[in-house]
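Given the structure is predicted, the values throughout are model-derived calculations rather than measurements. For the numbers below, each heavy atom of this structure counts, side chains included, while hydrogens, waters and symmetry mates do not.
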Amino acid sequence: QVPLVESGGGLVQAGGSLRLSCAASGRILRNYVVAWFRQAPGMEREFVARITRSLGIAYYGESVKGRFIISRDDAKNTVSLQMNSLKPEDTAVYSCAAAASTLASTTPTGYDYWGQGTQVTVSS
């Protein structure tokens with residue numbers, strides 16, 4: 001198992017910023033594809049961003065491109081999501097996920113391990 005724990009969620013006004021963190025114990029995140037997904041009430045889970053194994057190349061969903069930045073800190077064994085210029089439509093539960101397969105991309109089913117999620121609420 002790769003227990004994942006998210007932190008950093010909260011309430012912010014539109015235009016503001018939040019930084020989410022995903023921490024792991026028992027495994028080294030550098031050896032996994034790590035992604036952030038989000039799910040709003042009544043909506044399907046949506047891909048937000050992912051960072052590849054080793055080289056740490058970042059990919060983003062269209063709705064967050066240019067506003068969010070995913071990064072990895074190998075010394076702390078964490079993956080962060082810096083969220084800028086937040087909009088009310090960014091309101092959701094954000095979860096991090098890890099996959100051993102390099103094929104994991106934007107589909108939730110491709111990920112082996114999940115955190116519990118953290119709530120992000122953006123007020124207008």
Side-chain angles (χ1 to χ4, degrees):
Q1 294 295 317
V2 182
L4 303 175
V5 179
E6 302 95 340
S7 61
L11 173 65
V12 65
Q13 288 189 328
S17 298
L18 279 176
R19 186 177 181 87
L20 306 183
S21 183
C22 175
S25 61
R27 289 290 186 272
I28 300 174
L29 285 181
R30 187 176 186 274
N31 296 332
Y32 294 81
V33 173
V34 180
W36 287 93
F37 289 83
R38 66 186 183 186
Q39 189 167 23
M43 305 292 286
E44 291 189 356
R45 187 169 279 173
E46 178 188 5
F47 168 75
V48 176
R50 81 179 192 274
I51 188 164
T52 63
R53 292 167 45 173
S54 299
L55 293 179
I57 299 172
Y59 298 88
Y60 299 94
E62 286 299 320
S63 62
V64 306
K65 198 172 291 185
R67 299 187 297 125
F68 291 11
I69 301 172
I70 188 171
S71 61
R72 189 180 66 218
D73 187 330
D74 292 341
K76 296 181 179 179
N77 199 31
T78 59
V79 170
S80 296
L81 184 69
Q82 177 67 40
M83 305 186 296
N84 302 317
S85 302
L86 283 162
K87 306 174 181 179
E89 51 264 43
D90 293 320
T91 296
V93 174
Y94 285 70
S95 300
C96 65
S101 171
T102 57
L103 298 179
S105 58
T106 62
T107 305
T109 55
Y111 291 81
D112 307 300
Y113 312 106
W114 290 82
Q116 294 291 325
T118 184
Q119 177 70 46
V120 171
T121 302
V122 184
S123 63
S124 57

Is there a side-chain contact between M83 and Y94 (heavy atoms, below 4.5 Å)?
yes
Between F47 and G61, which heavy-atom pair has the shortest distance, and what is it?
CE2-N, 3.6 Å
Which pairs with one or both residues in residues 39-68 pass disulfide bond (SG atoms under 2.5 Å apart), sequence neighbours excluded?
none
Which other residues belong to the hydrophobic cluster containing M43, where Ile, Leu, Val, Met, Phe, Trp and Tyr are joined when side-chain heavy atoms lie under 4.5 Å apart, directly or via other members?
none
Assess whether atom CD of E89 is packed by more than 12 heavy atoms of other residues, nucleotides or ligands within 6.0 Å.
yes
Taking all non-hydrogen atoms of both residues, which atom of A104 and which atom of A99 are closest, and how far apart?
CB-CB, 3.4 Å
Where do P108 and W114 come nearest, in terms of heavy atoms and distance?
O-CZ2, 3.5 Å
Which pair of heavy atoms, one from S21 and one from T78, lies closest together, and at what distance?
OG-CB, 4.0 Å
Is I70 close to V79 at the side-chain level, that is, under 4.5 Å between some pair of heavy atoms?
yes
Report yes if some heavy atom in the side chain of L20 is under 4.5 Å from a heavy atom in the side chain of E6; otherwise report no.
no
Residues joined to L55 in its hydrophobic cluster, side chain to side chain under 4.5 Å directly or through other members, sorted by chain and number, are I57, Y59
Non-neighbouring partners of E62 that pass salt bridge (Lys or Arg N to Asp or Glu O under 4.0 Å), sequence neighbours left out
K65
Disulfide bond (SG atoms under 2.5 Å apart) pairs, two or more places apart, involving residues 42-86
none
Can you run down the salt bridge (charged side-chain N to carboxylate O under 4.0 Å, His left out) pairs that involve residues 8-23, sequence neighbours left out, and say none if there aren't any?
none
Nearest heavy-atom pair of A40 and A92: which atoms, and what distance?
N-CB, 3.8 Å
Interatomic distance, D73 atom CG to R30 atom CZ [nearest 0.5 angstrom]
12.5 Å
Hey, what do you get for OG (S124) to NZ (K87), rounding to the nearest 0.5 Å?
14.0 Å
Tell me which one of L11, L81, N84, L86 satisfies side chain to side chain contact (heavy atoms under 4.5 Å, CB included) with L18.
L86
Look at the side-chain heavy atoms of Ile, Leu, Val, Met, Phe, Trp and Tyr, link any pair under 4.5 Å apart, and say whether V93 and V64 land in one connected group.
no
Please check this pair: side chain of T91 against backbone of V122, looking for a donor-acceptor N/O pair closer than 3.5 Å.
yes
With rounding to the nearest 0.5 Å, note down the distance linking CG in N31 to OG in S54.
6.5 Å
For N77, side chain to side chain donor-acceptor pair (under 3.5 Å) partners two or more places apart
none
May I ask you to decide if the ring planes of Y111 and F37 are parallel, tilted or perpendicular, using 30° and 60° as cut-offs?
perpendicular
Considering residues at least two apart in sequence or located in another chain, which fulfil the side chain to side chain donor-acceptor pair (under 3.5 Å) criterion with T121?
Q119
Evaluate the side-chain proximity of I51 to L29: yes if any heavy-atom separation is below 4.5 Å, no if none is.
no
How would you list, by chain and number, every residue that makes a salt bridge (Lys or Arg N to Asp or Glu O under 4.0 Å) with R38, sequence neighbours excluded?
E46, D90
Just grab all the disulfide bond (SG atoms under 2.5 Å apart) pairs involving residues 19-114, residues at least two apart or on different chains.
C22-C96
Excluding sequence neighbours, so at least two apart, what forms side chain to side chain donor-acceptor pair (under 3.5 Å) with R45?
none
If only atom types and distance count, is the side chain of T107 paired as donor or acceptor with the main-chain N or O of T109 below 3.5 Å?
no
Tell me, please, which residues at least two apart from R72 pass salt bridge (Lys or Arg N to Asp or Glu O under 4.0 Å).
D74
Passes side-chain contact (heavy atoms from CB on, under 4.5 Å), W36 versus F68? Steps please.
CA-CA 11 Å; W36 287 93; F68 291 11; over 6 Å; no
Over all heavy atoms of both residues, which pair between R67 and S85 is shortest? Give the atoms and the distance, please.
NH1-O, 3.0 Å
